[in-house]
Amino acid sequence: MALTGRTALIAALGALLVGLVQPSWAGLLAVELPLLLAIVTDLAWAAPVNRLVFTRSGDTSVRLGERLSVSLVVSNPSRRTLHAHLRDAWPPSCRAGDSSSETDRHHLRIPSQERRRLTTSLQPTRRGDREAERVTVRSYGPLGLAARQGHHDVPWTIRVLPAFNSRKHLPAKLARLRELDGRTSVLTRGEGTEFDSLRDYVPGDDTRSIDWRATARQTTVAVRTWRPERDRRVLMVLDTGRTSAGRLGDLPRLDISMDAALLLAALASRAGDRVDLLAHDRATRSRVVGRSGPHLLPTLVDGMARLEPALIETDLQGLASAALRVAPQRSLLVLFTGLDRTPVEEGLLPVLPLLTQRHTVVVASVADPRIQEMAGARGTLDAVYEAAAAAQAQEERHETAALLRRYGVTVVDAPPARLAPALADTYLALKAAGRL
């Protein structure tokens with residue numbers, strides 16, 4: 001039984017009157033006994049909480065940062081009208097009840113044998129699977145003097161997917177891809193390109209593209225058009241180790257890498273290439289292989305949703321071995337990892353010759369914009385020390401990138417807002433050069 005604020009106030013006034021007027025047991029009973037009877041009667045008429053029936057419905061997935069709604073239907077099978085306060089509890093990262101019109105707390109009045117639908121608005125701030133916590137109900141009597149309280153477990157799981165903010169860059173990258181395909185401009189032949197079609201010569205065309213045999217069979221000069229090869233393979237490898245947990249602004253490095261990977265996957269899929277995903281630290285955390293067409297992006301997003309950075313050093317040699325098992329034939333291997341000197345020199349460099357022998361390797365790394373700000377700071381002693389530390393960190397990062405390039409690796413090192421479009425541009429450049 002729970003006493004309400006009204007009950008406590010009445011009890012306090014009654015005790016005060018008894019103490020002032022007739023400080024005896026008889027006077028105390030004269031005040032307290034009717035109040036106690038009223039409380040017991042009110043509690044007896046409160047609808048039972050344990051007999052309520054709950055069912056859920058609504059959204060089961062949402063992109064990070066967007067809103068979704070989950071409905072809770074409360075049925076009252078008892079013979080009494082339910083007057084209650086209800087809280088539909090969710091984890092704090094779901095941000096339940098931030099909307100001005102919807103909240104996780106509800107006031108209910110449900111007559112006997114009827115039901116009501118309640119809606120809780122959620123706006124998750126973390127990826128992954130989020131499960132509903134218990135539903136708490138406080139059922140009041142008709143007078144509001146006492147209440148019954150109980151809890152119910154009403155399971156429901158929502159999957160919070162990566163945000164994919166970089167999709168705003170996709171139209172521009174697709175336009176560039178169409179140019180490479182020869183749909184809006186003429187391509188000159190490069191290594192690894194495929195013959196597309198013949199057309200009439202126009203001034204300015206490369207004379208090396210003239211097809212003399214076709215020209216001899218007709219009255220006009222014919223030239224060949226070329227397009228980048230299709231059906232290439234792209235393997236995206238996410239390093240989910242310790243360095244991926246570092247936060248840049250509101251997001252960890254892993255989420256920024258995911259965003260860039262999704263833009264690359266969307267672009268490569270439109271280009272006719274096959275795209276696979278591998279997430280690894282000391283073990284494989286997620287793997288998406290053999291998906292294509294309209295099923296690719298949903299499968300990738302679903303495979304990324306539950307990934308969390310592991311606070312352990314990544315086994316880069318094990319990561320490379322896993323990548324070679326997934327992609328034994330020649331592929332574009334895009335490794336999303338850090339440019340910290342020690343892990344790269346001790347873990348990645350020993351396996352690079354084998355990787356570059358079989359694959360075209362790209363290392364994509366997120367640069368911390370705060371380091372750039374610190375490098376330009378001046379004015380105080382602390383700022384000068386910060387600038388010196390930032391300059392040293394930048395120098396080490398540049399040296400690590402230069403070392404990787406000497407092994408034939410293409411390095412994309414960009415701040416969070418630029419990583420996804422820069423990686424897409426690198427993919428298009430490699431495709432235009434026939435290196436895939």
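- The closest donor-acceptor contact from the side chain of D129 to the backbone of R306 lies at 3.5 Å or more, if one exists at all.
- Closest heavy-atom contact between V49 and S139: CG2-CB, 3.7 Å.
- The residue from H398, R397, R418 that alone fulfils the side-chain hydrogen bond (donor to acceptor under 3.5 Å, both in side chains) condition with D413 is R397.
- Every residue meeting the salt bridge (Lys or Arg N to Asp or Glu O under 4.0 Å) condition with R116, not counting sequence neighbours, appears here in chain and number order: E114.
- Of the candidates L86, V73, D88, V70, L86 is the only one forming a side-chain contact (heavy atoms from CB on, under 4.5 Å) with L118.
- The closest donor-acceptor contact from the side chain of S75 to the backbone of R115 lies at 3.5 Å or more, if one exists at all.
- Side-chain contact between I158 and C94 is present, with at least one heavy-atom pair separated by less than 4.5 Å.
- With sequence neighbours excluded, no residue forms a ring-ring contact (aromatic ring centres under 6.0 Å, His included) with H295.
- Pairing each heavy atom of S365 with each of L419, the nearest pair is O-CD1, 3.6 Å.
- Within the structure, no pair that satisfies the side-chain hydrogen bond (donor to acceptor under 3.5 Å, both in side chains) test touches residues 342-354, not counting sequence neighbours.
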Could you pull out all donor-acceptor pairs under 3.5 Å where a side-chain atom in residues 349-363 meets a protein atom, sequence neighbours excluded?
residue	atom	partner	partner atom	Å
T356	OG1	L352	O	2.9
T356	OG1	P353	O	3.3
H359	ND1	Q329	O	3.4
H359	ND1	S331	N	3.1
H359	NE2	A327	O	3.0
T360	OG1	R330	NH2	3.2
T360	OG1	R435	O	3.0

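- The CZ atom of R285 sits 12.0 Å away from the CG atom of L254 when rounded to the nearest 0.5 Å.
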Report task. Could you walk me through whether M236 and L333 pass the side-chain contact (heavy atoms from CB on, under 4.5 Å) test, one step at a time? Result -> CA-CA 6 Å; M236 304 182 301; L333 192 155; over 6 Å; no
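- Under the 3.5 Å distance criterion, the side-chain polar atoms of S286 are matched with a main-chain donor or acceptor of G303.
- In terms of modelled atom types and a separation under 3.5 Å, the side chain of R56 and the main chain of V154 share a donor-acceptor contact.
- Residue pairs meeting the salt bridge (Lys or Arg N to Asp or Glu O under 4.0 Å) criterion with at least one partner in residues 43-53, sequence neighbours excluded, do not occur; the list is empty.
- Residues V135 and V137 are in side-chain contact: their nearest non-hydrogen atoms beyond the backbone lie under 4.5 Å apart.
- Between F54 and H152, the angle of the ring planes lies from 30° to 60°, which puts this pair in the tilted group.
- Sorted by first and then second residue, the salt bridge (Lys or Arg N to Asp or Glu O under 4.0 Å) pairs with a member in residues 244-266 read R127-D255; sequence neighbours excluded.
- Side-chain atoms of S78 never come within 3.5 Å of backbone atoms of A47 as a donor-acceptor pair (strictly under, hydrogens ignored).
- A147 approaches R138 most closely through the heavy-atom pair CB-CG, 3.5 Å.
- S71 is linked by a side chain to side chain contact (heavy atoms under 4.5 Å, CB included) to S57, R117, T119, counting only residues two or more places apart in sequence or in another chain.
- Checking T240 against D281 by side-chain atom types alone, a donor-acceptor pair falls below 3.5 Å.
- Residues Q113 and N76 fail the side-chain proximity criterion, which asks for heavy atoms closer than 4.5 Å.
- A side-chain contact (heavy atoms from CB on, under 4.5 Å) with V301 is found for one member of V288, L262, L296 and no other, namely L262.
- The stretch residues 313-326 participates, sequence neighbours left out, in these side-chain hydrogen bond (donor to acceptor under 3.5 Å, both in side chains) pairs: D239-T314, R242-E313.
- Taking 4.5 Å as the limit, every side-chain heavy atom of R233 sits out of range of all side-chain heavy atoms of D273.
- Applying the salt bridge (Lys or Arg N to Asp or Glu O under 4.0 Å) test to D425 and every residue at least two apart in sequence or in another chain returns K173.
- Taking every heavy atom of both residues into account, L170 and L267 meet most closely at CD1-N, 4.2 Å.
- With a 4.5 Å cut-off on side-chain heavy atoms, V289 and V326 count as touching.
- For E131, the CD atom sits in a loose shell: 12 or fewer heavy atoms of surrounding residues, nucleotides or ligands are nearer than 6.0 Å.
- Residues satisfying the side chain to side chain contact (heavy atoms under 4.5 Å, CB included) test with E396, not counting sequence neighbours, are R341, Q392.
- Between the S244 side chain and the G241 main chain, a donor and an acceptor come within less than 3.5 Å of each other.
- Side chain of W156 to backbone of D59: a donor-acceptor contact under 3.5 angstrom is found.
- The side chain to side chain contact (heavy atoms under 4.5 Å, CB included) check on R87 picks up A89, D104, R105, with sequence neighbours excluded.
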Requested in this report: Carefully, step by step, assess E66 and R63 under the rule salt bridge (Lys or Arg N to Asp or Glu O under 4.0 Å).
Outcome: CA-CA 6 Å; E66 296 181 358; R63 289 196 181 277; 5.1 Å; no
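- Closest approach of G65 and Q123 over heavy atoms only: O-NE2, 2.9 Å.
- Partners of D302 under the salt bridge (Lys or Arg N to Asp or Glu O under 4.0 Å) rule, at least two apart in sequence or in another chain, are R159.
- Taking every heavy atom of both residues into account, R148 and A46 meet most closely at NE-O, 3.1 Å.
- When the shell of 6.0 Å around CZ of R287 is examined, it contains 12 or fewer heavy atoms from other residues, nucleotides or ligands.
- Of the inter-residue distances, the one linking L64 atom CG with L161 atom CG reads 9.0 Å to the nearest 0.5 angstrom.
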**Report entry** Check against ring-ring contact (aromatic ring centres under 6.0 Å, His included), H106 and H85
**Finding:** CA-CA 6 Å; H106 307 271; H85 292 166; over 10 Å; no
